[in-house]
Amino acid sequence: MKNISQIKPQKLLFICSVISLLLLFQSCEKDESTDSKLDTNLDSKLDSNLVGSWKITEDGSKAPWGIAIDSEGNVYFSELYGNGISKFTSAGTLVTHWGTNGSGNGQFNMPKHIAIDGEGNVYVADEENQRIQKFTSSGAYITQWGNPDSGVDMWAPGSVTADIVNNWVYVVDVYNRLQKFDLSGNFITQWGGTGTGDGQLMLGNQSDPFNQSPCGQMAVDTIGNVYVVDNHNSRIQKFTSSGTFLMKWGGKGSEGGQFMYPFGIVIDNKNGFIYVSDNSLLDNEGNIARIEKFDLSGNFIKQWVLNVQNQAIGALAVDHEGHVLAVVGGNLCIYDFN
């Protein structure tokens, strides 16, 4: 296995190209025009489903990345370059913020996706520190695992999600391995690996299997199946909780049910829908951002092109009313797709 020190320079180049999508700080705006570049099963009005938005950070260069919602409706964000976690009320009022740059307990170095368990604890994929950190809902440090010095074979984790029914935590690391832990960080099993076959993942550069940057979001349904955004394979993969491959859907393209560069995924378990965010380009100018809607078997239902002013649409969450929350630059955009 390649040493992580050899991977970092390549991986950071890819990270910078993706982060360029998220750095511009602009607001979400409604637009009554249509876009001819994506014309399959589109809404007739762009962003007619936008029901609200608020600022995550005044400084868009902090690059809000991950998002999660707790049982009380509070919304949490990770800041990739701000090296912190923010907690807001559902109305957008800041409750608390924790974290600084560093490698100590409660510090971060490029935190990516985040997750919340059934008790409200927060899990952060602290990528460049090679670990998952666990906190209370108020930001008090609890524990960590995955730092190579601890003996856990997990490198540069970028994606994390929690199964609140069965009390598991799932992590994808730089080697495209999906690993399963209990809530204390004890290793259970793993599957995946770099590639294009069923059950394999490609979350970075296809031409260089060691130039990976786990950034696709994951989600878990009510019976414990795990859904993974397989970025560079332009697809979603679905597994059982023990790692058995169940199905995949997608493929490269801009039509309904296809993906160009998928990023976020969230399951509306109450209504039985899956939402996936997708972007057409790895730069800002001319990017077409959209959200696609599927059932739990991956059958395409509808898609919406979003007026986000050439920005990327990132990680997703669903609130208690079934609204889809999306990270767009330094903002949160709230959509009603019901």
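Model, not experiment: these values are computed from the prediction. Computed from heavy atoms alone, side chains included, the values below leave out hydrogens, waters and symmetry copies.
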Using only atom types and a distance under 3.5 Å, with no angle test, would you say the side chain of [X] pairs donor to acceptor with the backbone of [Y]?
X	Y	answer
Ser78	His113	no
Gln217	Leu316	yes
Gln130	Ala156	yes
Asn231	Pro262	yes
Asp126	Asn109	yes
Asn287	Leu281	yes
Asn176	Gly193	no
Lys248	Gln237	no
Asn271	Asn338	no
Arg177	Thr194	no

**Item:** Lys252 atom NZ, over 12 foreign heavy atoms within 6.0 Å
**Value:** yes

Can you tell me how far [atom2] of [Y] sits from [atom1] of [X], rounded to the nearest 0.5 angstrom?
X	Y	atom1	atom2	result
Arg235	Met247	CZ	CE	12.0 Å
Asn121	Ile164	CG	CD1	12.5 Å
Glu128	Ser103	CD	OG	12.0 Å
Asn186	Lys180	CG	NZ	13.0 Å
Asn101	Met110	CG	CE	10.5 Å
Phe337	Gln303	CZ	CD	11.0 Å

In the structure I gave you, are the side-chain heavy atoms of [X] and [Y] within less than 4.5 Å of one another anywhere?
X	Y	answer
Pro64	Thr57	yes
Val220	Val165	no
Leu201	Val228	yes
Tyr227	Leu296	yes
Ile69	Tyr76	no
Lys238	Phe245	no
Asp117	Val169	no
Asn279	Met260	no

How about [X] and [Y]: does a side-chain donor come under 3.5 Å of a side-chain acceptor?
X	Y	result
Tyr261	Asp278	no
Tyr81	Lys62	no
Trp54	Asn331	no
Asp268	Tyr275	no
Asn105	Gln144	yes

**Request:** Could you tell me which non-hydrogen atom of Ala162 sits nearest to which non-hydrogen atom of Ala115, and how far apart they are?
**Result:** N-CB, 3.7 Å

**Fill in**
Sorted by chain and number, sequence neighbours left out, salt bridge (Lys or Arg N to Asp or Glu O under 4.0 Å) with Glu79 holds for none

**Message:** Does Leu332 form a side chain to side chain contact (heavy atoms under 4.5 Å, CB included) with Ile67? I'd like the steps, not just the answer.
**Reply:** CA-CA 10 Å; Leu332 175 72; Ile67 182 174; 3.7 Å; yes

Which class fits the ring pair [X] and [Y]: parallel under 30°, tilted 30 to 60°, perpendicular over 60°?
X	Y	answer
Trp98	Phe135	tilted
Trp191	Tyr170	perpendicular
Phe181	Phe187	perpendicular

**Asked** With a cut-off of under 6.0 Å to the ring centre and 45° to the axis, is Lys293 in cation-pi contact with Phe273?
**Response** yes

**Prompt:** How far apart are the C-alpha atoms of Thr143 and Ser184, what are their side-chain angles, what is the distance that settles it, and do they pass the side chain to side chain contact (heavy atoms under 4.5 Å, CB included) test?
**Reply:** CA-CA 8 Å; Thr143 190; Ser184 298; 5.9 Å; no

**Prompt:** Passes ring-ring contact (aromatic ring centres under 6.0 Å, His included), Phe294 versus Trp249? Steps please.
**Reply:** CA-CA 10 Å; Phe294 303 88; Trp249 72 88; 5.6 Å; yes

**Message:** Run the side chain to side chain contact (heavy atoms under 4.5 Å, CB included) test on Ile274 and Asp295 for me, step by step, so that the C-alpha distance in whole Å, both residues' side-chain angles and the decisive distance to 0.1 Å come before the verdict.
**Reply:** CA-CA 6 Å; Ile274 297 173; Asp295 65 20; over 6 Å; no

**Complete:** For Asn167, the side-chain hydrogen bond (donor to acceptor under 3.5 Å, both in side chains) test, sequence neighbours excluded, returns none

**Prompt:** Could you go step by step and tell me if Met154 and Trp145 meet the side chain to side chain contact (heavy atoms under 4.5 Å, CB included) rule?
**Reply:** CA-CA 9 Å; Met154 184 176 71; Trp145 70 87; 4.1 Å; yes

